[in-house]
Structure formats: structure tokens, C-alpha cells
Amino acid sequence: MKKLISVLFAVMSAAMLMACGSSAKGSSLTVEDGVLTMATNAYFPPYEYYEGDTITGIDAEIAQAVADKLGLKLKIEDMEFDSIITAVSTGKADMGLAGMTVTEERKKNVNFSDTYATGVQVVIVKEDSDIASIDDLQGKKIGVQLSTTGDIYCTDDFGSENVEEYNKGNDAVMALVSGKVDAVVIDNEPAKSYVAANEGLKILETEYVTEDYAAALNKDNTELLEQINGALKELKDEGKLDEIISKYIKSE
Ligand code: ARG
């Protein structure tokens, strides 16, 4: 009996220690100084883009609405898309919000919030291109944004020797316009704005991959993850999420 009690006691104190440990860690990581720092790559309309010096778009507005709900100030930090996961996992940013797709690989380094939007990888080509389907991409030069899912899928499916990586989606589109690449694989909404902004381009009707967008959070900061999921749910229930999205994405 005595033995049992001491074992129980040991288990209980270990559990208590663990509980204290994790909550102390969690609270030390939960948003400092009342400022929610969002890491993004602001060349991804309509999710995030510059209007003058200000970063605006769906993600910027959702982040602001989330920050308001949590009583926090929002600070947006623009960086290469490739740096966002590192910024979040090293604690330089509280949250990555960048039209970012949930992937198993990324889940090794960050946690993802509930999903707030859907994205589709599509193919942009010149209007007179002989590329008419995904299969036609075989052996062609494909432009992508570095480290995006478009980059990852195309490298897997068509070989890295056929994939040209650019830091910004727009740079990949410029390479298509000037004939350096034969196609660009990118998310559907930015694709639409690039095609609208440049003459002689079109989007193939066949969709490549459908995916979920979510906020990336530090693995240790589960408290913030719950707070953000709570805020997202409220925004969804209030219709605010739809309102923000439909302000930027007009249904055809
Ligand atoms: N959805 C794609 C991904 O997660 C592309 C996101 C690019 N976002 C950006 N803000 N540049 O890989």
C-alpha cells in the first residue's frame, strides 16, 4: 500500500510539474506586449499586397479582426515566403498568415489553426500556348514561387530541372511574359490578379491541386492557437469572415 501511494504521489507530482512547465512556457510565448506579430509575404493579391505603404488584403483584414477580438495590436512583417515558417518556429513572429497551405511537412515545424479559406493551384500560360492540360507541362519550363506548394508539387511531378523558382509570384509571372518560362503554377486568386494585370495570359481550366489555408503558429504556443481558433470561429459565426473574403473575391 505504502508503495502504491508513493508511486501515485510520484506520478501526480510529475503530472503537476509537466502541467506547470507547459503553461509557464505557453504563457511566456503568448503574444508579448499586447502586439500580435504576423509574418507574411505581401506580394500575393488578394490575400496580402501593398496599397501604397500599407499591407492590405484578406489575410491582413482577418488578422486585424482576430487581433481586435483578442484585444491585441497587430503588427505585420513582410518577408520572403520562404522565411515565414522559420520566423514562427523561432518565435520572431507570433503567427504566419500568408495564404499558406496546410501540409504535413510544414506541420513538423509549426501548428496550423483551423482553416479559413480554400486555395487551388492553377496553371497560367500565354494565350497562344500549346499547353492545355497539366500533363502538357511535362518537359516544359515551369515558374513558381520559392518554397510554395506549387514549387513542391511541380518539383515532384516534373523534376527540379524543369522548375524555375522565384522569390515573388509576380517575378514568375514576369518570366512567363518575357518567355523565360512556359507556364506558372500558383494559387488561383493571385493567378487571376496577375492575368488581369498582364495582357496575353490565361489560366488553364484544369485545376492542379486543391488545398486549405490556415495560420501557422509556434508549436509551443498552444494557448495562442486556441485563442486564434476561438476568434476565427466567432468571426465565421458572425459572418465577418465571409464578408472580408467576398470584399476581395467577387463570385462570378
Ligand atoms: N498556398 C501556397 C503555399 O502555401 C502559396 C502561398 C504564398 N503566399 C504568399 N503570401 N506569397 O505554399
Side-chain angles (χ1 to χ4, degrees), residues 38-50 55-60 76-89 93 95-107 109-110 112 117-126 129 131 134 137 140-198 201-204 206-216 248-249:
M38 154 179 164
T40 197
N41 171 254
Y43 297 89
F44 199 67
Y47 291 94
E48 43 266 331
Y49 57 96
Y50 280 94
I55 296 173
T56 181
I58 295 172
D59 288 341
I76 303 182
E77 284 190 5
D78 186 20
M79 59 187 72
E80 299 298 352
F81 183 73
D82 197 29
S83 308
I84 299 175
I85 298 263
T86 317
V88 172
S89 61
M95 161 174 91
L97 202 61
M100 188 181 280
T101 306
V102 177
T103 72
E104 289 309 312
E105 195 58 34
R106 289 174 182 161
K107 276 192 196 165
N109 298 304
V110 289
F112 280 105
T118 306
V120 183
Q121 295 299 312
V122 296
V123 184
I124 312 177
V125 292
K126 284 203 174 159
S129 172
I131 300 172
I134 307 294
L137 288 175
K140 301 282 187 187
K141 278 264 169 283
I142 310 164
V144 295
Q145 185 181 14
L146 178 68
S147 288
T148 58
T149 48
D151 184 8
I152 298 158
Y153 305 141
C154 287
T155 304
D156 276 358
D157 290 346
F158 307 105
S160 57
E161 67 283 9
N162 293 313
V163 178
E164 295 291 331
E165 297 165 317
Y166 297 89
N167 272 326
K168 298 185 176 72
N170 195 46
D171 296 345
V173 175
M174 288 304 118
L176 174 62
V177 170
S178 67
K180 283 197 202 103
V181 298
D182 305 305
V184 168
V185 169
I186 198 157
D187 305 50
N188 55 338
E189 290 303 330
K192 283 189 212 159
S193 41
Y194 292 140
V195 168
N198 295 281
L201 302 181
K202 65 173 183 190
I203 300 173
L204 292 191
T206 357
E207 297 177 340
Y208 188 16
V209 185
T210 304
E211 28 189 45
D212 290 326
Y213 291 168
Y248 291 91
I249 302 176

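Taking CD1 from Ile76 and CE from Met38, the interatomic distance works out to 4.5 Å, rounded to the nearest 0.5 Å. Considering CG of Asp151 and CG of Asp156, their distance stands at 9.5 Å, rounded to 0.5 Å. Rounding to the nearest 0.5 angstrom, the gap separating the CD atom in Glu211 from the CG atom in Asp187 is 5.5 Å. To the nearest 0.5 Å, the span separating CG on Asn109 from OG1 on Thr86 amounts to 7.5 Å. Atoms CD1 and CD1, from Ile131 and Ile142 in turn, are 7.5 Å apart once rounded to the nearest 0.5 Å. For the atom pair OH of Tyr49 and CD1 of Ile58, the computed distance is 8.5 Å after rounding to the nearest 0.5 Å.
Between the side chains of Gln145 and Asn167, no donor N or O sits under 3.5 Å from an acceptor N or O. The closest side-chain donor-acceptor pair between Tyr50 and Asp78 falls under 3.5 angstrom. Looking only at atom types and distance, the side chain of Thr149 has no donor-acceptor partner in the side chain of Tyr208 under 3.5 Å away.
Between the side chain of Lys126 and the main chain of Ala183, no donor-acceptor pair closer than 3.5 Å is present. Checked by atom type and distance alone, the side chain of Asn188 pairs as donor or acceptor with a backbone atom of Val120 at under 3.5 Å. At least one donor-acceptor pair closer than 3.5 Å links the side chain of Thr40 to the backbone N or O of Leu97. A donor-acceptor pair under 3.5 Å is absent between the side-chain atoms of Arg106 and the main chain of Ile85, judged by distance alone.
Partner of Leu176 under the side-chain contact (heavy atoms from CB on, under 4.5 Å) criterion, out of Asp182, Asn198, Val181: Val181 alone.
Atom CD of Glu105 has 12 or fewer neighbouring heavy atoms from other residues, nucleotides or ligands inside a 6.0 Å radius. More than 12 heavy atoms of other residues, nucleotides or ligands shown are found within 6.0 angstrom of NZ on Lys202.
If you look at Phe44 and Phe81, their ring centroids are not closer than 6.0 Å.
Heavy-atom minimum distance, Ala39 versus Ala87: CB-CB, 4.4 Å.
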